[in-house]
Enquirer: 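Sending over a structure as structure tokens; questions will come in a sec.
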Amino acid sequence: MDAGHAPESPRAPARGTIFYGWYVVGTVFVIHTVSCGLIFYNLSIFLKAFVAEGGFSVSATSNATALFFISSGIAGLGVGWLLDRYDPRWVVTFGAFLSAAVLASAGHVGELWQLYGFYVLFGIGNAAVAVIPGMTIVARWFTRQRSKAIAYASTGLSLGGIVFTPLSATLVERYGLGEAAYWLALILVIGVVPIALIMLRHSPEAIGLSPDGDPPRLAADGSRMPPDGVSFEDALRSRFFILCTTAFVFSMMAQVGALAHQFRLVATRTGDDHIAALAVSVMAASSIAGRLVGGSLLTRVASKTYLFGIYVLQGLAFALFAFAEGPVALFIVSALFGTTVGNMQMMQPLIMAEAFGLKAYARILSVSQMITTCANAAGPALLGFLYVTAGGYQTAYLAITLSSIFGFASLYAAGPVRTLLDAQDKPVQD
């Protein structure tokens, strides 16, 4: 183990009888709530603000938003490499400071190149503070209870929308994007940096434990056994990695496009920004509920079977969004959509850990996330293009319904989920 994450004091887990991994889960939950609420969920608010205050077109802003996902995906490769070598606290802290600095500059964006630069840097910061570091750390701390741990930690991704979308919308409406951005940046730093530095730990091995709080796994010679899993190269060559990642490309592209445009869709159809912010919050609340239910169900239902059901619900939600009018109908569809959002975000890191183990998990997840995230860029851009050319959102949402169908088909073709090394002939989960 290198100096980047040397073993820490055994006193670190001394918190009564509770396994320290659950404190890590709580820490990641808080980090996800703050970072996702102020970065990811604010994309739809920034889209509207840059159009209204900055004078940019919907199409140009949608294309700039696409760069957020491309830069985030590419930067995630570097984040995965860093997480394998250094203390994750410094990676997350860097991501928080970079994201906050970019966020604070929102009011000074006046040229198209500045708009593109804003989203590129915002994406890099997001990669270092959000899903890849959070899910990698949690996966290292749990094996038997991994689905629950990931579900609880990733709930913060949805709670961020509930807590910060109304706050951000209110601040931007009352003070304008320029002044509101300073306050949002300050909240981001205060909400992420202290708890990351104090509470995060690289892995249970760093404090003398094993996943789930078990005693350390030792080889015959007394040395600590390395984590189970397949190699990075073998994982990337496997049919499951290729087709499962393809499935997430289709589904997440559609999901991200819908999320980026949801606020504007509801505001356009109701004429009220507050109703639009509430619809985003309803979606996020439903995402939390769906994620928690999913974490429990996944202890009894095969992950792939469960994911098939999520694809069906996602396609239905998109089709209904195409025709929904009025606050009540839009709230109902937002709730249905939310149940798929939380689960889809949770399932990619979970199913990759199930399939390939922890040996090279950070890098495997970062590649899958990079491919998925870069493809996500097509979602907001496609919806923006179709909105302009078709004169409304109906055609756009019908188009991304097909994305869910293609995702379902790719997942079906991926084959079974393997829980451990293929070479060990472990049972296959269908």
Side-chain angles (χ1 to χ4, degrees), residues 36 40-41 43-44 47 58-59 62-63 65-70 72-73 123 131 157-158 161 243-266 279-280 283-284 286-287 290-291 294 306-324 330 333-349 351 368-390 392-414:
C36 191
F40 184 76
Y41 280 104
L43 292 178
S44 61
L47 188 151
V58 173
S59 179
S62 296
N63 291 335
T65 303
L67 289 178
F68 168 90
F69 297 103
I70 294 174
S72 183
V131 175
L157 299 173
S158 301
L243 289 176
C244 185
T245 299
T246 301
F248 281 107
V249 163
F250 284 118
S251 61
M252 293 299 291
M253 177 182 66
Q255 175 180 290
V256 168
L259 286 170
H261 284 265
Q262 184 190 5
F263 184 89
R264 192 171 189 278
L265 177 147
V266 178
V280 174
M283 179 275 297
S286 182
S287 176
R291 200 190 308 263
Y306 184 79
L307 192 51
F308 279 138
I310 299 303
Y311 276 110
V312 172
L313 288 178
Q314 185 190 59
L316 177 61
F318 292 150
L320 292 174
F321 257 136
F323 301 101
L330 288 165
V333 181
S334 294
L336 177 62
F337 175 47
T339 62
T340 70
V341 169
N343 280 285
M344 202 69 76
Q345 292 172 339
M346 173 181 75
M347 288 304 298
Q348 188 173 12
I351 207 166
S368 184
Q369 287 269 332
M370 184 272 292
I371 296 170
T372 303
T373 305
C374 288
N376 288 350
L382 176 63
L383 280 173
F385 172 77
L386 292 174
Y387 171 83
V388 173
T389 57
Y393 277 116
Q394 187 176 94
T395 300
Y397 275 83
L398 288 176
I400 63 173
T401 301
L402 295 175
S403 235
S404 297
I405 296 173
F406 293 147
F408 185 102
S410 299
L411 181 65
Y412 181 83

Enquirer: Taking side chain to side chain donor-acceptor pair (under 3.5 Å) as the test, write out the residues that go with Y311, two or more places apart.
Expert: S251
Enquirer: Inspect the surroundings of CZ in F308 and state if more than 12 heavy atoms from other residues, nucleotides or ligands are less than 6.0 Å away.
Expert: yes
Enquirer: Using the side chain to side chain contact (heavy atoms under 4.5 Å, CB included) criterion, which residues pair with V131? Sequence neighbours excluded.
Expert: M135, L157, Q369
Enquirer: Rounded to the nearest 0.5 Å, how far apart are CG of L316 and OG1 of T340?
Expert: 10.0 Å
Enquirer: Quick check: closest heavy atoms across A258 and Y397, and the distance to 0.1 Å?
Expert: O-OH, 3.4 Å
Enquirer: Could you grab the distance from atom CD1 of I70 to atom CE of M370, nearest 0.5 Å is fine?
Expert: 11.5 Å
Enquirer: In Å, rounded to the nearest 0.5 Å, how long is the span from OG1 of T372 to CZ of F69?
Expert: 12.0 Å
Enquirer: How long is the span from the CD1 atom in I371 to the CZ atom in F248, to the nearest 0.5 Å?
Expert: 13.0 Å
Enquirer: What residues, two or more places apart in sequence or in another chain, satisfy side chain to side chain contact (heavy atoms under 4.5 Å, CB included) together with V333?
Expert: L320, F321, A324
Enquirer: A279: what forms a side chain to side chain contact (heavy atoms under 4.5 Å, CB included) with it, not counting sequence neighbours?
Expert: Q262, V266, F331, S334
Enquirer: Taking all non-hydrogen atoms of both residues into account, name the closest pair between C244 and A414 and its distance.
Expert: N-CB, 3.9 Å
Enquirer: If you look at every heavy atom in A413 and L243, which pair is closest and at what distance?
Expert: O-CD1, 3.2 Å
Enquirer: Is there a side chain to side chain contact (heavy atoms under 4.5 Å, CB included) between M347 and I310 once you walk through the steps?
Expert: CA-CA 10 Å; M347 288 304 298; I310 299 303; 5.6 Å; no
Enquirer: So which atom in F323 and which in L398 form the shortest heavy-atom distance, rounded to 0.1 Å?
Expert: CE1-CD2, 3.9 Å
Enquirer: List in chain and number order the residues that pass side chain to side chain donor-acceptor pair (under 3.5 Å) with S368, two or more places apart in sequence or in another chain; answer none if no residue qualifies.
Expert: T245, Q348
Enquirer: Who are the side chain to side chain contact (heavy atoms under 4.5 Å, CB included) partners of F385, not counting sequence neighbours?
Expert: T389
Enquirer: Quick one: does L47's side chain get under 4.5 Å of F263's, heavy atoms only?
Expert: no
Enquirer: Heavy atoms only: give me the nearest Q255-F337 pair and the separation to one decimal.
Expert: O-CZ, 3.8 Å
Enquirer: Are the aromatic rings of Y393 and H261 close, with centres under 6.0 Å apart?
Expert: yes
Enquirer: Are the side chains of M283 and Y41 in contact, using a 4.5 Å heavy-atom criterion?
Expert: yes
Enquirer: Do L259 and L43 have side-chain heavy atoms sitting under 4.5 Å apart?
Expert: no
Enquirer: Do L307 and M344 come within less than 4.5 Å of each other through their side chains, counting heavy atoms only?
Expert: yes
Enquirer: Closest approach of M253 and S403, non-hydrogen atoms and distance?
Expert: CE-OG, 3.1 Å
